[in-house]
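Keep in mind it's a predicted model, so treat the numbers as computed, not measured. In the text below, chain A, chain B and the rest are named by the order of the sequence lines, each starting its count at 1. Values below: every heavy atom of this structure, side chains too, minus hydrogens, waters and symmetry copies.
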2 protein chains.
Amino acid sequence: MKLDILTKTENFDVQKHIIASIRDLINLKNLEPGDKLPSERMLSERFNVSRGLVREAIQKLEFYGLLESIPQSGTFVANIGVIAMNGMIEDILRLEAPDFKSLVETRILLELKTVRLAALRRTEDDLVQMKAALEAFSKKVRNGEDAVQEDLLFHLAIAKASGNSSMNTFMLIITPEIITNFAKYHVCDKGVAEIGIEEHNAIFKAIEDQNPQLAKKKMKEHFKELYKYCYNV
Amino acid sequence: MKLDILTKTENFDVQKHIIASIRDLINLKNLEPGDKLPSERMLSERFNVSRGLVREAIQKLEFYGLLESIPQSGTFVANIGVIAMNGMIEDILRLEAPDFKSLVETRILLELKTVRLAALRRTEDDLVQMKAALEAFSKKVRNGEDAVQEDLLFHLAIAKASGNSSMNTFMLIITPEIITNFAKYHVCDKGVAEIGIEEHNAIFKAIEDQNPQLAKKKMKEHFKELYKYCYNV
DNA sequence: ACTCAATAATTGGTTAACCAGTTCCTAATG
DNA sequence: CATTAGGAACTGGTTAACCAATTATTGAGT
């Protein structure tokens with residue numbers, strides 16, 4: 001049936017098409033929460049695509065909580081009504097890869113919160129890990145080496161200490177992409193790093209002292225320095 | 001090789017184990033950014049698991065930006081150094097399903113930002129969609145029907161109008177889970193909804209008037225009402 | 001010895017056959 | 001007629017064989 005290997009974007013478009021088809025089918029058959037979807041085999045035949053692609057599309061909708069597959073039984077519409085289902089699928093289909101500005105904006109939002117929560121909730125173990133990341137960062141910078149990774153790990157340690165696993169996850173999702181972009185646009189090269197040491201230390205101390213206001217303030221200053229180098233990309 | 005069907009949690013544990021094995025292998029062989037991982041077949045043989053499971057683990061690491069698979073060529077270590085790689089994988093392995101409190105906390109954080117951004121950036125088309133969601137909500141509430149879905153769609157419309165695709169994505173991720181929990185704990189039943197209409201209208205008007213401060217304030221009030229019913233879960 | 005085309009081996013991606021539960025229908029029994 | 005074993009058909013999950021593109025190897029020609 002399939003003749004050639006698809007590129008990733010082609011594959012992505014096909015998946016979108018399948019998702020839209022599933023939505024149409026749900027509407028056509030007036031499927032409600034708990035109702036069973038046609039089997040993967042029937043869907044693949046109906047949409048003229050391989051069963052594997054149908055599976056991937058279903059798994060994506062499962063990721064967003066719209067479907068649920070039960071082994072040896074079937075795939076079921078989640079406990080979300082028709083209206084929400086349509087609205088969410090429309091949004092999912094329209095989603096595009098985030099631009100750099102969105103990423104930075106989101107990172108700042110998340111970190112100004114995680115740093116406050118970390119100041120409130122950090123455990124002794126959190127402090128140990130943050131301290132380790134911080135010293136690894138300082139050491140590399142003083143040696144004149146690139147320390148983007150260590151920088152990142154310090155920020156991730158804060159996210160972990162926030163005790164909010166949602167925000168922690170989201171930080172993990174956006175961080176690699178931010179690093180890649182930083183490297184691509186050659187921001188955060190030498191010079192910025194030395195200042196970064198002091199700023200990191202200040203943030204750490206505020207968290208250690210359980211002073212959320214100060215922690216947030218120091219993080220803001222830290223980002224202000226980044227802004228100057230990064231924002232007009 | 002495999003004898004029985006795994007439950008989802010078992011499968012999840014196996015995947016974690018594979019990811020840890022891949023990390024160990026990267027450390028053992030001192031693989032650096034751009035280096036090639038052993039082939040999927042070799043990994044599956046080495047770890048004594050099926051190739052499909054190896055594939056899923058690789059795809060997960062690809063999702064987090066740590067690996068990159070190139071067809072007919074190989075799987076490569078992303079442009080992230082050894083230190084960051086280890087730190088991130090450790091975090092990924094420790095990640096657990098977010099508790100309800102984390103979800104609510106994150107939702108509030110995101111929405112207090114998206115509502116401000118929406119007030120600044122909303123287009124005419126955004127207004128039309130928000131208005132539609134708002135009226136669908138009002139109509140259902142006045143009929144005494146459950147309107148959780150319409151409520152949600154209004155908030156998602158705001159996220160879309162924020163023009164930040166990262167935050168939009170994150171809202172889409174956490175929203176279904178929040179709805180499920182709301183339904184489970186029977187929060188936001190009758191009574192709250194009527195108040196919700198006015199609050200939604202106020203938020204919409206602030207966005208329409210491009211008044212970010214007011215929009216945020218109204219959203220805060222909206223959540224305050226939710227707090228009373230939801231926070232002690 | 002060196003170059004480079006031909007070929008064999010290897011790669012991630014894809015597909016079809018298979019597996020073990022589940023579901024639904026049937027027919028035998030009370 | 002109602003009930004319930006029994007089995008056939010169907011389900012999502014899994015596996016092994018297959019595909020085309022890439023990469024490594026080889027060997028003939030200069």
Side-chain angles (χ1 to χ4, degrees), chain A residues 1-19 21-22 25-26 29 31 34-78, chain B residues 1-19 21-22 25-26 29 31 34-78:
Chain A
M1 180 66 68
K2 190 106 92 48
L3 297 174
D4 52 355
I5 291 190
L6 298 173
T7 68
K8 297 212 169 167
T9 56
E10 283 171 341
N11 203 318
F12 198 68
D13 289 343
V14 174
Q15 191 183 96
K16 279 193 174 184
H17 190 255
I18 297 174
I19 290 177
S21 301
I22 291 177
L25 191 66
I26 289 177
K29 294 202 171 186
L31 296 184
D35 286 351
K36 188 156 81 172
L37 229 61
S39 73
E40 295 176 353
R41 288 170 182 80
M42 291 185 63
L43 291 177
S44 72
E45 193 180 347
R46 178 166 189 148
F47 302 152
N48 261 322
V49 294
S50 74
R51 198 183 144 202
L53 291 174
V54 171
R55 261 174 143 262
E56 283 178 28
I58 288 177
Q59 279 169 16
K60 182 151 190 176
L61 292 178
E62 231 180 325
F63 172 77
Y64 284 104
L66 300 181
L67 296 178
E68 181 176 6
S69 281
I70 296 180
Q72 283 83 34
S73 179
T75 301
F76 298 85
V77 178
Chain B
M1 181 65 69
K2 191 104 90 49
L3 297 175
D4 52 354
I5 291 189
L6 298 173
T7 68
K8 298 212 169 168
T9 56
E10 283 171 340
N11 203 318
F12 197 69
D13 288 342
V14 174
Q15 191 182 95
K16 280 193 174 183
H17 189 255
I18 297 174
I19 290 178
S21 301
I22 291 177
L25 190 66
I26 290 177
K29 295 201 171 187
L31 297 184
D35 286 351
K36 188 159 82 173
L37 230 61
S39 73
E40 296 176 353
R41 288 170 183 79
M42 291 186 62
L43 291 178
S44 72
E45 193 180 348
R46 177 167 190 148
F47 302 152
N48 262 323
V49 294
S50 74
R51 199 182 143 201
L53 292 174
V54 170
R55 245 158 163 274
E56 283 178 27
I58 288 177
Q59 278 168 15
K60 183 152 190 175
L61 292 178
E62 231 180 325
F63 172 77
Y64 284 104
L66 301 182
L67 295 178
E68 181 175 6
S69 280
I70 296 180
Q72 284 81 36
S73 178
T75 301
F76 298 85
V77 178

Nearest-Å distance for atom pair CD/P, residues A:Glu56 and C:dT14: 7 Å
Phosphate contact (D:dT14 OP1 or OP2) by B:Asn11 side-chain N/O below 4.0 Å: yes
A:Leu31 side chain near A:Leu25 side chain, heavy-atom distance below 4.5 Å: no
Side chain to side chain, B:Pro38 and B:Arg46, heavy atoms closer than 4.5 Å: no
Spacing of A:Phe12 atom CZ relative to C:dG13 atom P, expressed in whole Å: 16 Å
N or O in side chain of B:Ser73 less than 4.0 angstrom from D:dA21 OP1/OP2: no
Atom pair distance, as rounded to whole Å: CZ in B:Arg41 and P in D:dT23: 16 Å
Protein-nucleotide distance (A:Leu61, atom CG; D:dG12, atom P), rounded to Å: 14 Å
Comparing A:Arg51 and B:Lys36 on DNA chain D - which has the more 5′ nearest nucleotide: A:Arg51
Flag side-chain contact, heavy atom, 4.5 Å: A:Glu56 against A:Lys60: no
Closest-nucleotide ordering on DNA chain C, the 5'-leading residue of A:Gly52 and A:Phe76: A:Gly52
Note, B:Leu53 side chain near B:Asn11 side chain (heavy atom, < 4.5 Å): yes
Atom-pair distance (CZ on B:Arg55; P on C:dT14), nearest Å: 7 Å
Distance test, side-chain N/O of A:Ser50 to OP1/OP2 of C:dT15, below 4.0 Å: yes
Pairwise side-chain contact, A:Ile58 with A:Ile22, heavy-atom cut-off 4.5 Å (strictly under): yes
B:Leu43 CG - C:dG13 P separation (whole Å): 13 Å
A:Ser39 vs D:dC10: side-chain N/O to OP1/OP2 distance below 4.0 Å: no
side-chain N/O B:Thr75 vs C:dT11 OP1/OP2, d < 4.0 Å: no
Sugar-phosphate, base or nothing in reach of B:Gly74, heavy atoms under 4.0 Å: sugar-phosphate
Between C:dT23 (P) and A:Asp35 (CG): distance, integer Å: 15 Å
Between C:dT14 (P) and A:Leu53 (CG): distance, integer Å: 7 Å
